[in-house]
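Structure, as structure tokens:
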Amino acid sequence: MQQQADPTGRRRTALAAGVLILLAGCTSSRRDDAGSTGPAPGCPSTERAAPDPGRPVIDLDFRLEDDRRTVTGTEAVAFTPDMPVEEVWFRLIPNAPQSAGHELRVDAVRGDDVAGGGYVDADAEPGTPGGLYRVDLRRAVPAGETVDVEVDFTLRLTSERTPAGFDRLGVDDDVTWWASGFPLLTWEPGAGWARDPFVEVSGETTANAVADTTISVSAPEELVVLMSGDQEEPRDEGSGRRVWESHEPVARDVHVAAGEFETAEVEVDGTAVTVGAVPGADSSAEDLADATSDAIRLVAGRFGPFPYPTLTVALVSDGRDGGGEEYSSSILLGGDDFGLVVHEVAHMWFYGMVGNSQFRDPWLDEAFATYAESVADEPHDPEDDLDRGGSVGGSMADFSDQDDYEHRVYGKGAAALWAARDAVGADDFDRAVRCYVETQAWTLSRPEDLARALADLPEALEVLVEAGALDRADLSVGG
Ligand SMILES: [Zn+2]
């Protein structure tokens, strides 16, 4: 995500000005990256890793009620664990403290193996039913065997502002949006259930494997639905409603926005980009589509081909709120600043494709997305950020407050990556990062995976250790 207040303290470029800067940036970026598009010499594979064929299969069926603030739904999960399980756990993001006012409830759970279930508080907002939902199974399910669970749920959205400011869930006059707005399967392959507590700091806290996900949304017919995945044309459902469907074979999480959007479509190097802007937004859908295209080309020039065949971008506020949230093959925007667009587009690589536990290692996606902003703009005095106290690494429970989190993870984290690149030269660093991206594609990566990709660049590793992003133990695993 990117917060409303600019975490790096950098002056933001307005969208129109950003496009101008881009003309110069594009050329230099290509020249800069001309020698660094291939993988590092020690890279074990030049090919992007394929997603796990045994990943979960999830069908999400949403209905936005006519009040436009109640979403009912059913989620069918076919889950094949890589370790034995006796329970299935879901994370209820709308019940987090920063989303206070919204509420997600589980109404029923079904399945041949399902014995029952119950909420677990996990430091959720008081008054909500809880932050986690545990489904008890009748038997221990061995690794490699599929368990089917079906969950009915109700999401109630408030139009009041939540502590998060621009939030992943919301209702306005002409738009309703819900991201992470359903019980989120919270399995980390190789590690098990991610049952991390919620925290007061506003940021993501999930660890989700990619899932083969199909989404269906029934909404009042006057609304346009924009969501994660490759969308089909809507079909009439009768009773003044339409049904919209989408498929994303590698979704960690999804967003849905239903609004009176103006839309624009553009093709960027094989990726179909769909952009929607609510009426009265500062940017037209067309301008935002152009900015998104520029951002995709710039980020792809540094980090390799765009991860998905489609990208959906929904600007759900007039643009003055700021802030944005990354989802799988989709972006939810509260603002239209070009730096923000680049940041969220970069998350398609760092979060979307190369995943991480956003609770345990928040810097792995946020520092990289902030670092990636430099493809469009020079970093602002990275030395200042690097000199800040505190380590870049740490879990979401380790930050004293919002400022501490943003300064260390976004500001100092990005500065450490810039400094590491400076220390060893752009070509070698970019090649090593490309190796990290391609080998860790569609997994949940860990700091030691990055350390392994940088193993031939000890000076870069030293910078990251110095900043507290990596620790020595990561290096020994990597070495
Ligand atoms: Zn971010």
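All ligand and atom numbering here is 1-based and tracks the order in the structure. Residues: numbered from 1 along the sequence shown. What you see is a predicted model; the values in this text were computed from it and never measured.
No option in D361, T443, D365 other than D365 meets the side-chain hydrogen bond (donor to acceptor under 3.5 Å, both in side chains) test with N356.
For the Zn ion (ligand 1), the nearest N, O or S atom contributed by H343 is named NE2.
Not counting sequence neighbours, W244 has no partner by the ring pair (Phe, Tyr, Trp, His ring centres under 6.0 Å) test.
Residue side and main chain included, M1 places an N/O/S atom under 2.8 Å of the Zn ion (ligand 1). Within the coordination shell of the Zn ion (ligand 1), defined by N, O or S atoms under 2.8 Å, D365 is absent.
A salt bridge does not link R408 with E366: none of the charged nitrogens is closer than 4.0 Å to a carboxylate oxygen.
With the Zn ion (ligand 1) at the apex, H347 NE2 and E366 OE1 define an angle of roughly 100° (rounded to 10 degrees).
Taking the side chain as every heavy atom from C-beta outward, W187 and N208 never approach each other to under 4.5 Å.
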